[in-house]
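One is the number of the first residue; the rest follow in order along the sequence.
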Amino acid sequence: MDNLRLVLTKKETISRRLWKKFESESLFAQYSPFFISLAAGTLALQAFHDFISQDLHLLKAFYHAYLSAEKCLNDDAEKWVVHDLRENLRKEIVAYVKIIQEDFKLPKRETTYATIVNYGDFLHDTKSGKVEGRIVPCKRKIAAFTLCAIVPCMKLYSHLFQQIKKILHPSDTTTHNYKKCIDIYCSEDFEVVLAMRTQFMLEKLSDCFTEDEVEVMEKHYHRAMKLQVDFFAKLPTHKCTLVTLSRLQELRKSKLTIFCDYDMTCPIAESASAVILANMSIALPQVYRMSSEELRNAWDVLDYQRTMDFEQWFETIMSSTMPGRQVFNDAGSESPFSSCRMGDKGKYKGGTVGMLKGISLDTIKSAASTVILQDGCRRFFQKLAENESRNINVHIISNYWGSDLIKAVLSPEKNVFTVHSNELAMKNGVTMGDITRIVETSSNKFKTFHAVIKGCKTEIGHLTVYIGGDVADLLCLLAADIGIVICPSLNLWRLADRFGLKFVALFDELVRRKNEPAAGYHNNWKPYSGVLYTVSCWAEIEAFILGL
């Protein structure tokens with residue numbers, strides 16, 4: 001078994017590459033009401049019974065898929081491996097049923113959910129040689145595609161249940177209601193004997209695939225992954241849950257307001273607003289009677305000065321304030337962080353401000369296509385734009401310049417977001433070189449945040465979410481009901497450590513809250529708790545707030 005692990009980790013195998021590419025899809029299963037409840041051990045017994053019955057349908061479908069793949073092979077060695085996989089799965093099914101029956105009664109009704117029917121139809125088509133709209137003539141390749149339809153499901157089960165195992169308290173070894181089920185999918189028999197060996201066999205059978213066939217296999221893998229995620233996402237819980245956030249707010253007929261930083265949170269660093277505008281100004285040297293090289297050097301000097309100013313401010317804060325929990329409340333504008341400037345720090349006054357002169361609005365909007373966003377960011381904002389609910393408001397708060405660029409990047413087709421940022425003065429659709437300074441500091445962000453909240457005072461059950469990741473976001477992150485930190489900067493970690501703030505993984509918090517006696521439909525998220533909730537990527541934010 002250890003040798004198999006070594007073989008599959010020595011190189012970037014196809015199955016490993018595909019899992020990495022589509023791993024974020026797993027978050028929509030992980031953040032499903034069913035899985036949160038299962039992880040917490042609070043899942044209704046009826047819901048667990050339903051899951052078991054559907055799970056057995058799926059495992060039996062995999063058994064027949066292995067059998068079909070085995071019949072497609074002529075090589076005795078390959079045939080034996082797939083046969084052994086099938087037998088190991090059969091033993092797993094028998095052991096699974098035996099363990100479950102010791103504590104739970106399997107439902108007598110054998111109704112199959114639509115999600116399992118869809119997966120079954122997908123497997124049937126694959127076994128018949130129908131893959132992604134084409135007929136596969138070679139039986140050995142049909143076997144490969146059949147295993148490809150199984151691998152992402154096996155990997156997903158192992159991955160999801162490992163997430164539960166990571167957060168189980170040692171005392172939960174006997175008290176967690178569904179510990180035996182978790183142990184089955186975290187066992188070495190499942191992870192190595194079945195999941196990893198199936199991946200290994202897939203590598204062997206697909207080693208002669210053409211580039212076109214590898215591309216088809218990638219689509220096939222992704223489809224299998226989505227079908228399995230859909231199964232988890234639509235499983236009933238028979239109880240109120242903590243997710244999906246936007247749907248819960250709609251049920252309560254209350255307002256959800258989402259705030260988000262832009263430059264340090266949405267685009268990759270090379271696509272920040274300042275970089276985009278600098279590049280546009282460099283492309284128009286005739287306006288300034290400067291060469292492109294001189295302009296580029298000027299921008300580099302300004303960027304260096306901004307960095308030095310921030311570092312000096314930051315080290316002053318770290319050395320001049322007392323460690324330990326500070327007082328964070330709605331007077332946060334008076335906190336030591338209020339003077340934090342992540343933007344220009346006034347360095348664009350005088351002659352240098354002319355470097356922003358002469359850029360047309362059309363040029364700014366067209367530059368949106370060059371902005372590279374963090375993975376999953378664009379999809380999240382597109383889904384928000386498509387959401388017709390009047391209960392969700394979205395506000396972007398940026399220290400940099402230009403709401404036109406931000407809107408064109410995040411919502412090119414629908415103007416559904418309110419953007420609060422510094423603005424480039426324009427005349428006849430062309431920048432004049434002046435900047436209207438609105439959001440320069442952390443305090444400005446904080447005041448903007450509270451001004452929006454004040455306008456929602458009449459809303460019943462108003463919930464606020466702030467998404468950020470850097471020092472200038474700290475006050476707003478703390479003031480929001482739910483402050484979500486995505487890829488926190490090193491400086492934010494340092495500040496949190498010094499001032500007694502806590503970073504808690506969002507998924508872990510949802511599971512913990514589900515275990516609290518008072519948790520449930522009307523859970524209480526509290527601002528100024530000193531807790532910031534961390535996520536790994538934008539897909540995790542989407543799964544939590546919007547779901548599938």
Side-chain angles (χ1 to χ4, degrees), residues 1-19 56-97 119-132 134-158 184-185 187-221 223-224 228:
M1 290 184 185
D2 290 337
N3 289 337
L4 181 57
R5 288 182 190 272
L6 185 62
V7 169
L8 287 174
T9 53
K10 267 189 172 181
K11 63 176 183 176
E12 184 80 339
T13 60
I14 289 177
S15 54
R16 179 179 290 273
R17 177 176 63 80
L18 293 179
W19 171 256
L56 286 173
H57 278 301
L58 190 60
L59 291 175
K60 290 172 183 177
F62 285 161
Y63 176 86
H64 291 294
Y66 278 123
L67 177 61
S68 178
E70 181 185 340
K71 291 178 178 178
C72 287
L73 298 172
N74 293 321
D75 182 277
D76 288 341
E78 293 174 346
K79 206 176 187 71
W80 181 85
V81 172
V82 177
H83 171 80
D84 193 52
L85 284 168
R86 178 167 60 86
E87 280 301 297
N88 276 291
L89 178 60
R90 183 187 63 79
K91 293 175 184 177
E92 281 290 302
I93 293 172
V94 171
Y96 184 35
V97 172
Y119 209 131
D121 291 343
F122 169 68
L123 285 171
H124 181 269
D125 287 344
T126 305
K127 292 185 296 182
S128 303
K130 301 174 185 176
V131 177
E132 299 303 316
R134 65 178 67 188
I135 301 297
V136 180
C138 173
K139 284 193 172 183
R140 190 172 186 272
K141 289 181 178 179
I142 291 176
F145 279 114
T146 300
L147 295 189
C148 181
I150 298 174
V151 163
C153 177
M154 294 284 192
K155 177 64 178 175
L156 181 65
Y157 266 72
S158 176
I184 290 171
Y185 285 113
S187 69
E188 193 165 86
D189 282 344
F190 186 85
E191 182 188 2
V192 179
V193 176
L194 276 172
M196 294 188 75
R197 285 184 69 204
T198 303
Q199 291 178 57
F200 178 77
M201 197 60 196
L202 174 60
E203 298 296 326
K204 193 173 188 305
L205 295 178
S206 62
D207 61 358
C208 61
F209 272 25
T210 64
E211 287 186 14
D212 180 54
E213 287 170 331
V214 170
E215 186 177 334
V216 172
M217 186 167 72
E218 180 175 307
K219 293 178 181 177
H220 200 60
Y221 184 104
R223 189 177 171 202
Q228 186 58 46

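Rounded to the nearest 0.5 angstrom, Glu78 CD and Leu205 CG are separated by 5.0 Å. Note that CE of Met201 and OG of Ser15 are 13.0 Å apart. Values are rounded to the nearest 0.5 Å. Within the model, atoms CG of Leu156 and OH of Tyr185 stand 11.0 Å from one another, a figure rounded to the nearest 0.5 Å. A distance of 10.0 Å separates NZ in Lys71 from NZ in Lys139, rounded to the nearest 0.5 Å. The NZ atom of Lys127 lies 5.5 Å from the OG atom of Ser68; values are rounded to the nearest 0.5 Å.
Of all heavy-atom pairs between Ala61 and Leu123, the closest is CB-CD1, 3.9 Å. Counting all heavy atoms, side chain and backbone alike, Leu85 lies closest to Val193 at CD2-O, 3.4 Å. For Phe190 against Ser158, the heavy-atom pair with the smallest separation is CE2-N, 4.1 Å. Nearest approach of Ile14 to Ser206, heavy atoms of both residues: CD1-OG, 3.8 Å. Taking each heavy atom of Glu87 and Tyr63 in turn, the nearest pair found is OE2-OH, 4.3 Å. Residues Ala69 and Ala143 come closest through the heavy atom pair O-CB, 3.7 Å.
Centroid-to-centroid, the aromatic rings of Phe145 and Phe209 come within less than 6.0 Å.
In this structure the side chain of Cys208 reaches within 4.5 angstrom of the side chain of Arg140, judged on heavy atoms. Lys141 has its side chain out of reach of Val216: every pair of non-hydrogen atoms, C-beta onward, lies at least 4.5 Å apart. Using a 4.5 Å cut-off on side-chain heavy atoms (C-beta onward), Leu59 and Tyr157 make no contact. Contact of the Thr13 side chain with the Leu202 side chain is not registered, since no non-hydrogen atoms from C-beta on lie closer than 4.5 Å. You'll find the side chain of Trp19 stays beyond 4.5 Å of the side chain of Gln199, heavy atoms only. Under the 4.5 Å side-chain criterion, counting only non-hydrogen atoms from C-beta, Leu56 is in contact with Val97. A heavy-atom distance below 4.5 Å is not found between the side chains of Tyr66 and Thr146. Side-chain contact between Glu218 and Arg17 is present, with heavy atoms from C-beta onward closer than 4.5 Å.
Summarising the local packing, CG of Asp212 is surrounded by more than 12 heavy atoms from other residues, nucleotides or ligands at distances under 6.0 Å.
Qualifying side-chain hydrogen bond (donor to acceptor under 3.5 Å, both in side chains) partners for Glu92, counting only residues two or more places apart in sequence or in other chains: none. Taking the side-chain hydrogen bond (donor to acceptor under 3.5 Å, both in side chains) definition, one finds that Tyr119 meets it with nothing, sequence neighbours left out. Applying the side chain to side chain contact (heavy atoms under 4.5 Å, CB included) criterion to Asp76, with sequence neighbours excluded, gives no partner residue.
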* Start with the C-alpha distance between His220 and Arg223, add both sets of side-chain angles, then the distance that settles side chain to side chain donor-acceptor pair (under 3.5 Å), and finish with yes or no. => CA-CA 5 Å; His220 200 60; Arg223 189 177 171 202; 5.4 Å; no
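When each of Arg197, Lys91, Lys79, Arg90 is paired with Asp84, the salt bridge (Lys or Arg N to Asp or Glu O under 4.0 Å) condition holds for Arg197 and for no other.
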